[in-house]
Amino acid sequence: MEILVLAACLVPALAVSDSSYSMYSSGQCVWYDKCGQDPDYPPPDTQHYLMCKYDGPAKSASERQIEILQEICPHLLPEDGSLPSLCCSLNQLEDMKKNF
């Protein structure tokens, strides 16, 4: 699940760095951040969350988001050093880092 989330979070970044992702070239997201616990995993589960629907543009990455990306998947960062736009929040990236 974490890898799927990571791929979906980074689609706008991938669109910029690789023209083979041209269907995503608009940089639009389908979700951003976490909205609540997944009802398929009732309490006391605290690890399964639903993503918030978001159909806006990808958001500029913060320095902390870049640091996490450098740790867990540096190959997905733009080679020219530019800041990517992401469809995942800092909370989502922190969860991915913790769960890898």
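No experiment lies behind these values; they were computed from the predicted model shown. Along the sequence shown, residues carry numbers from 1.
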Novice: Please list, chain by chain and in numerical order, all residues satisfying side chain to side chain contact (heavy atoms under 4.5 Å, CB included) with Glu67, sequence neighbours excluded.
Specialist: Arg64

Novice: Got a second to check how far Leu86's CG is from Tyr32's OH, nearest 0.5 Å?
Specialist: 7.0 Å

Novice: Within this structure, what is the CG-CD distance for the pair Leu76 and Glu79, rounded to the nearest 0.5 Å?
Specialist: 11.0 Å

Novice: To the nearest 0.5 Å, what is the distance between CE on Met96 and SG on Cys73?
Specialist: 8.0 Å

Novice: Quick one: CD on Gln92 to CD on Gln65, what's the gap to the nearest 0.5 Å?
Specialist: 9.0 Å

Novice: Between CG of Leu93 and NZ of Lys98, what distance do you get to the nearest 0.5 Å?
Specialist: 13.0 Å

Novice: When you compare the side chain of Pro84 with that of Leu77, does any pair of heavy atoms fall below 4.5 Å?
Specialist: yes

Novice: Locate the shortest heavy-atom distance separating Cys29 from Ala58; write the atom from each residue and the value.
Specialist: SG-CA, 3.4 Å

Novice: Okay, side chain of Tyr54, backbone of Pro57: is any donor-acceptor separation there less than 3.5 Å?
Specialist: yes

Novice: Who are the salt bridge (charged side-chain N to carboxylate O under 4.0 Å, His left out) partners of Lys59, not counting sequence neighbours?
Specialist: none

Novice: Are Val30 and Met51 joined in one hydrophobic group, where the rule is that I, L, V, M, F, W and Y side chains link up if heavy atoms are under 4.5 Å apart?
Specialist: yes

Novice: I'd like to check the side chain to side chain contact (heavy atoms under 4.5 Å, CB included) partners of Leu83; sequence neighbours left out, ordered by chain and number.
Specialist: Glu63, Ile66

Novice: According to side chain to side chain contact (heavy atoms under 4.5 Å, CB included), who are the partners of Leu50, at least two apart in sequence or on a separate chain?
Specialist: Asp38, Pro39

Novice: Please list, chain by chain and in numerical order, all residues satisfying side chain to side chain contact (heavy atoms under 4.5 Å, CB included) with Cys35, sequence neighbours excluded.
Specialist: Cys52

Novice: Return each pair, listed once, that meets salt bridge (charged side-chain N to carboxylate O under 4.0 Å, His left out) where at least one residue sits in residues 41-56; pairs must be two or more places apart or across chains.
Specialist: Lys53-Asp55

Novice: Rounded to the nearest 0.5 Å, how far apart are NE2 of His75 and CD of Gln70?
Specialist: 13.0 Å

Novice: Do Ser89 and Asn91 meet the criterion of a side-chain donor-acceptor pair at a distance under 3.5 Å?
Specialist: no

Novice: Please report the shortest heavy-atom distance between Pro42 and Gln37, naming the atom on each side.
Specialist: C-NE2, 3.8 Å

